[in-house]
Amino acid sequence: MKRNSNKPIKLTEVCLRDGSHVVRHQFTEEQVRAVVRGLEDAGMHYIEVAHGDGLGGSTLQYGRSLVDEMKLIEAAVEESKNSKIAVLLIPGIGTVHELKQAREIGAQLVRVATHVTEANVSAQHISMARELGMEALGFLMMAHSAPVEKLVEQAKLMESYGAEAVYVTDSAGALLPNQVRERIKALRQSLDIEIGFHAHNNLSVAVANTLVAIEEGATRIDGSLRCLGAGAGNTQTEVLVPVLQRMGMDVGVDSYKLMDLAEEVIAPILPKAQEIGRGSIVMGYAGVYSSFLLHAERAGQRFGIDSRDILVELGKRKAVGGQEDMILDVAAELAKQKA
Ligand SMILES: C[C@H](O)CC(=O)C(=O)O
Ligand SMILES: [Mn+2]
């Protein structure tokens, strides 16, 4: 593959953060320790640990964590030597208070996540992270939902606040390869910082999209072992690494160790195998935030309606992350219409 960048690829394993949605935020300290030990041994570059909705996400609205995320981050830091521990923060859900706490216990990188049109709310957290000596990256969620020019404008804002990279975050798993290409290409042409890509596999194109992103010059790449991430999960890490090897790119991570970890440690954690089920397909198709899946399934059961109808309606209303309360409203409305 001809890459449009000569910078090394840096992988971030997100199963201990994005996967938190799948286990309803019930990770135990032992699970986190076992996963981090395995990832450290395999040579993973970054490991993200936090509540699924980022620092401070443990609430009634998003789902309470079984174990305080700071305790999990601390455990992850203890188990890692060369792998760096990363956290995610959505301004408004997480605050500078949690950011400082995460830094004090050893987190080295933060991804400040905002909706794709709301980069302006990331300024304070990006600059605070830099002051704290952390790597600070921007994470533009629901990147499918804005025109390319808007995405570029918002990424430039994050760059101006001090972000060292900006991610195209395909939260809904809705982007198709040509759309990933045009987005990464446009960012590469307009920014001086690194570009990242975070996929969801709802339409079964996460690996393909990630390859396109890398080809166009993305160097910060996310994956989750065994697809342990919201919806149908992310780019499957233990698949991506050997695919890259076959393309002549050695990212310095041991693929056998990743495969063993996925099979022996992650698979037993999964409540059920991560499949591209009907809910995930509809999310990708309708452009709905992947972490809404389980909330919509629960609401569907409660109101006796098909959760796909809820997801399609949420897509029409352009619901964004943080609007989980809309799921119940939509379900109640649809049930009323049905009655
Ligand atoms: C808080 C979200 O789950 C962040 C993310 O991983 C995404 O938007 O995708
Ligand atoms: Mn995600």
Side-chain angles (χ1 to χ4, degrees), residues 11-25 27 46-59 61-63 65 69 86-94 98 109-119 121-122 125 137-146 151 154 158 166-175 180 183 196-203 205-206 209-210 213 220-237 240 274 280 283-284 287-296 314-315 318-324 327:
L11 294 183
T12 301
E13 172 58 44
V14 298
C15 70
L16 293 175
R17 199 278 307 161
D18 216 312
S20 169
H21 294 294
V22 179
V23 300
R24 296 179 195 241
H25 319 293
F27 280 132
Y46 295 90
I47 306 168
E48 191 168 66
V49 183
H51 181 280
D53 291 285
L55 297 180
S58 177
T59 54
Q61 163 113 331
Y62 302 114
S65 302
E69 62 190 341
V87 293
L88 182 124
L89 183 146
I90 301 180
I93 297 180
E98 279 107 16
L109 179 148
V110 61
R111 304 195 297 175
V112 182
T114 74
H115 184 63
V116 63
T117 53
E118 290 169 7
V121 300
S122 67
H125 298 83
L137 316 183
F139 203 70
L140 287 169
M141 301 188 287
M142 300 287 274
H144 74 281
S145 66
L151 175 76
Q154 298 292 301
M158 285 179 157
V166 176
Y167 281 74
V168 172
T169 304
D170 185 15
S171 312
L175 287 174
V180 174
R183 282 166 173 72
F197 183 63
H198 173 99
H200 278 270
N201 201 34
N202 298 336
L203 294 177
V205 283
N209 280 351
T210 301
R220 300 275 184 156
I221 299 297
D222 285 7
S224 60
L225 288 167
R226 206 98 178 173
C227 283
L228 178 48
N234 312 90
T235 305
Q236 195 168 348
T237 315
L240 178 68
Q274 279 292 78
S280 309
M283 276 191 312
V288 178
Y289 200 60
S290 291
S291 61
F292 283 5
L293 178 63
L294 299 183
H295 296 278
L314 288 166
K318 300 198 184 307
V320 302
Q323 291 182 315
E324 276 76 355
I327 302 172

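Quick caveat, the model's predicted, so the values are computed rather than measured. All ligand and atom numbering here is 1-based and tracks the order in the structure.
- Atoms of ligand 1 lying under 4.0 Å from any heavy atom of Asp18, numbered from 1 in the order shown and given with element: 6 (O).
- Using a 4.0 Å cut-off between heavy atoms, Met142 makes no contact with ligand 1 at all.
- Of all non-hydrogen atoms in Val116 and Met142, the two that sit nearest each other are CG1-O, 3.5 Å.
- Of the protein's non-hydrogen atoms, the one nearest atom 2 (C) of ligand 1 is Tyr289 OH, 3.1 Å.
- At under 3.5 Å, a nitrogen or oxygen of His198, whether backbone or side chain, sits near a nitrogen or oxygen of ligand 1.
- Inspection of the Thr237 and Glu13 side chains reveals an N or O donor paired with an N or O acceptor under 3.5 Å.
- Contact annotation: Gly52 has at least one heavy atom less than 4.0 Å from an atom of ligand 1.
- Distances from the Mn ion (ligand 2) to the N/O/S atoms of Asp18 are shortest for OD2.
- The angle that His200 NE2 and His198 NE2 make at the Mn ion (ligand 2), rounded to 10°, works out to 100°.
- Shown here for Tyr289 and Met283, the closest heavy-atom pair between the two residues is O-SD, 3.7 Å.
- Residue contact check: His200 has heavy atoms under 4.0 Å from atoms 9 (O) of ligand 1.
- Every atom of ligand 1 with a heavy atom of Ile90 under 4.0 Å away is listed here by number and element: 1 (C).
- Atom 7 (C) of ligand 1 has as its closest protein heavy atom Ser171 OG, 3.5 Å.
- Judged by distance alone, the side chains of His25 and Ser20 do bring a donor and an acceptor atom under 3.5 Å apart.
- Atoms of ligand 1 lying under 4.0 Å from any heavy atom of Met141, numbered from 1 in the order shown and given with element: 4 (C), 8 (O).
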Original post:
Given Ser290 and Ser171, is the side chain to side chain donor-acceptor pair (under 3.5 Å) satisfied, shown in steps?
Top reply: CA-CA 6 Å; Ser290 291; Ser171 312; over 6 Å; no
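- Although no hydrogens or angles enter the test, the distance criterion places no donor-acceptor pair under 3.5 Å between the side chain of Gln236 and the main chain of Asn201.
- Under the 4.0 angstrom criterion for non-hydrogen atoms, Arg17 is in contact with ligand 1.
- Considering backbone and side-chain N/O atoms, Ser291 never comes within less than 3.5 Å of an N/O atom of ligand 1.
- Backbone and side-chain nitrogen or oxygen atoms of Thr169 are examined, and none is located within less than 3.5 angstrom of a nitrogen or oxygen of ligand 1.
- The structure places CD of Glu118 at 10.5 Å from CD1 of Ile90, a figure rounded to the nearest 0.5 Å.
- When only interatomic distances are considered, the shortest N/O to N/O separation between Asp53 and ligand 1 does not fall below 3.5 Å.
- Minimum interatomic distance between Gly57 and Tyr62 (heavy atoms only, all atoms of both residues): O-CB, 3.3 Å.
- Among Asp18, Asp222, Thr12, the one residue that satisfies the side chain to side chain donor-acceptor pair (under 3.5 Å) test with Asn234 is Asp18.
- Under a cutoff of 6.0 Å and an axis angle of 45°, Arg111 and Tyr167 form a cation-pi pair.
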